[in-house]
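Being a predicted model, the structure only gives us computed values, none of them experimental. All residue numbers refer to positions in the sequence shown, counting from 1.
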Amino acid sequence: MEDNNYKYVFVCGLARSGTSLLGRNIARLENCTGFKNTGALMDEGQFLQDVYPIAGVFGGAGRFGFDERAHRTESSELLTPEKVARLRVSWHSYWEKGKTICVEKTPGNLLMTRFLQAAFPNCYFVVVKRHPVPVSISSQRWKVNITSMHSMFEHWLHCHELYEQDKKYLKRVYELSYEDYIQNPAKYHEEIAAFIGTRVPEPPKEDKFYYVAQWRNPAGVRVPEYAMEEVTPAHNQKYFDRWSNFLRKSVFRSYYRYITRKYEPRFTKWGYSLTTGVANGEEMLCAGGILSTAVGALCCVGADINTLMWRLSIRFKEQLRITSKAVLPNFIVAKIRQARHRASLKKESSNVVSSQA
């Protein structure tokens, strides 16, 4: 399969940075095709190949970047002709035939740009970054990947710093922020279309929908087939509101204020502030003496221990579930599954009633 026949667009950015939305919208541009109806989580390319390990092997969201193996370059041992050919065939089996601009989105792409450029020479990178507060808080919802907030901040910085080092080796890169994108998506669709050599199609008069698989969401998320998806700033604001409460009202506010003072100078270099929308935020940056610093540092240790124990507990429960499934009779396993499903439906029903009250 000759590269000259195709263009490859890789959407890069940490999990919860808007890569899924952006990737699907790019795939709706003229002559573009992305992954859909694959059954894989968020239709990510990492789950549709067997050449390189998925991010979960290295700790998942909030931790994978700390593993040196997740950072792949043109010197990777995986870049053999046989494996590159296998990777192309795997992905092309899901891309729509007849379209020559192939779009792939996986958060780990942020640390794989040089590797992907070596495997797909005729490629383009669209890199999106998002404020570390919503990225970190929303990623913590994935309990199997639970990580302390200061470690999430460190991971954000580490991954973006690695990408900055890799960027000078890349031939074609388009960068944007999630915050700018949600304010004017049409503008960025036009610019990205021009960047990859295509056009934005006319809005469809009629449309249909399909579902994208999500972790712990059996129904998946419903998205349009052809029309561009849009998102409002409200998706961002709820995380800033929660962060503000952490800083002002949480019993662990000493910890949150300490990491705010610690990481603020580093995030400022990226155009972000940890006191965005926080009342008296500037005062928090100036506050804190030797005792406050010592307490904050101690809280960081405690937070890391707590999240480690949480992860180990979840893994133990999962291993116990797998073992039980293997040894219990099938009819008992089925009864347990039915009971869990009924409990899940009851919980969802309660949540709906609560939201309507």
Side-chain angles (χ1 to χ4, degrees), residues 12-20 42 54-68 70-71 106-111 127-164 177-179 215-216 235-247 250 252-278 281 284-285 296-315:
C12 314
L14 292 178
R16 312 302 294 175
S17 292
T19 53
S20 295
M42 302 310 292
I54 64 174
V57 173
F58 307 128
R63 296 204 310 281
F64 76 91
F66 292 137
D67 193 313
E68 293 182 356
H71 182 214
T106 294
N109 287 349
L110 189 67
L111 304 187
V127 183
V128 58
K129 73 176 189 293
R130 185 182 185 184
H131 195 292
V133 163
V135 166
S136 300
I137 293 179
S138 59
S139 294
Q140 282 192 317
R141 293 175 59 193
W142 299 340
K143 294 182 179 180
V144 292
N145 294 327
I146 190 68
T147 304
S148 61
M149 186 63 68
H150 69 276
S151 184
M152 295 291 296
F153 285 169
E154 195 68 47
H155 185 260
W156 191 105
L157 289 162
H158 178 70
C159 290
H160 282 283
E161 287 165 359
L162 280 178
Y163 161 70
E164 280 297 308
S177 74
Y178 175 85
E179 293 76 18
W215 184 71
R216 298 194 69 178
H235 292 275
N236 242 7
Q237 189 58 46
K238 65 180 180 180
Y239 296 114
F240 289 117
D241 291 343
R242 191 178 305 175
W243 177 244
S244 180
N245 286 331
F246 288 165
L247 290 171
S250 171
F252 302 109
R253 57 184 175 273
S254 294
Y255 163 69
Y256 291 115
R257 292 181 181 186
Y258 168 75
I259 64 175
T260 295
R261 292 191 295 272
K262 178 179 179 180
Y263 288 99
E264 178 73 6
R266 294 177 65 184
F267 283 124
T268 299
K269 297 178 182 178
W270 294 89
Y272 292 123
S273 172
L274 296 178
T275 60
T276 298
V278 178
M284 292 182 189
L285 293 176
L298 185 62
C299 286
C300 287
V301 176
D304 283 335
I305 293 175
N306 179 60
T307 54
L308 174 61
M309 297 304 294
W310 192 341
R311 289 198 302 271
L312 291 177
S313 174
I314 291 172
R315 290 175 184 175

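- Ring orientation note: the planes of W156 and H160 are tilted relative to one another, at an angle of 30° to 60°.
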Inset, instruction - Please assess E161 against W270 for the test side chain to side chain contact (heavy atoms under 4.5 Å, CB included), listing each intermediate value before the final yes or no. - result: CA-CA 10 Å; E161 287 165 359; W270 294 89; 3.9 Å; yes
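- With R266 contributing its side chain and Y263 its backbone, the two residues share no donor-acceptor pair below 3.5 Å.
- Distance alone, capped at 3.5 Å, is enough to place a donor-acceptor pair between the S136 side chain and the P132 backbone.
- The side chain to side chain donor-acceptor pair (under 3.5 Å) check on E68 picks up nothing, with sequence neighbours excluded.
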Inset, instruction - Check step by step if side chain to side chain contact (heavy atoms under 4.5 Å, CB included) holds for Y272 and V133. - result: CA-CA 9 Å; Y272 292 123; V133 163; over 6 Å; no
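- Panel note: side chain H155, backbone G65; a donor-acceptor pair is recorded below 3.5 Å.
- Two residues are said to be in side-chain contact when any heavy atoms from C-beta on lie closer than 4.5 Å; W243 and T260 meet this criterion.
- For H150 and Y255, the side-chain atoms include at least one donor-acceptor pair closer than 3.5 Å.
- With a 4.5 Å cut-off on side-chain heavy atoms, Q237 and R242 do not count as touching.
- Although no hydrogens or angles enter the test, the distance criterion places a donor-acceptor pair under 3.5 Å between the side chain of S139 and the main chain of V135.
- In plain terms, the two heavy atoms of P107 and T19 that are nearest each other are CG-OG1, 4.4 Å.
- Contact record, G62 with F66: O-CE1, 4.0 Å, taken as the closest heavy-atom pair.
- Residues C159 and L111 come closest through the heavy atom pair O-CD2, 3.6 Å.
- With values rounded to the nearest 0.5 angstrom, M152 atom CE is found 11.0 Å from I259 atom CD1.
- Taking OG1 of T147 as the reference point, atom CZ of R63 lies at 4.5 Å (rounded to 0.5 Å).
- S244 places no side-chain N or O within donor-acceptor distance of the main-chain N or O of D241, the cut-off being under 3.5 Å.
- Taking the ring pair (Phe, Tyr, Trp, His ring centres under 6.0 Å) definition, one finds that F58 meets it with nothing, sequence neighbours left out.
- Across every non-hydrogen atom of F64 and A55, the tightest pair is CB-O, 3.7 Å.
- Here the OG1 atom belonging to T275 is positioned 12.5 Å from the CZ atom belonging to R257, to the nearest 0.5 angstrom.
- Residues Y178 and V128 share a closest heavy-atom pair of N-CG2, 3.7 Å.
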Inset, instruction - Test Y256 against S250 for side chain to side chain contact (heavy atoms under 4.5 Å, CB included), laying out the working first. - result: CA-CA 9 Å; Y256 291 115; S250 171; 3.7 Å; yes
Legend entry - Evaluation steps, ring pair (Phe, Tyr, Trp, His ring centres under 6.0 Å), between F240 and H131: CA-CA 10 Å; F240 289 117; H131 195 292; 4.8 Å; yes
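- The CZ atom of F252 sits 14.0 Å away from atom CG of L247, with the distance rounded to the nearest 0.5 Å.
- When side chains are defined from C-beta on, C12 does not count as touching Y163, because their heavy atoms never get closer than 4.5 Å.
- Shortest non-hydrogen contact noted between R130 and H235 is NH2-O, 3.8 Å.
- Side chains of M149 and E154 form no contact here, defined as non-hydrogen atoms less than 4.5 Å apart.
- Counting only heavy atoms from C-beta outward, the side chains of S17 and K129 never approach each other to under 4.5 Å.
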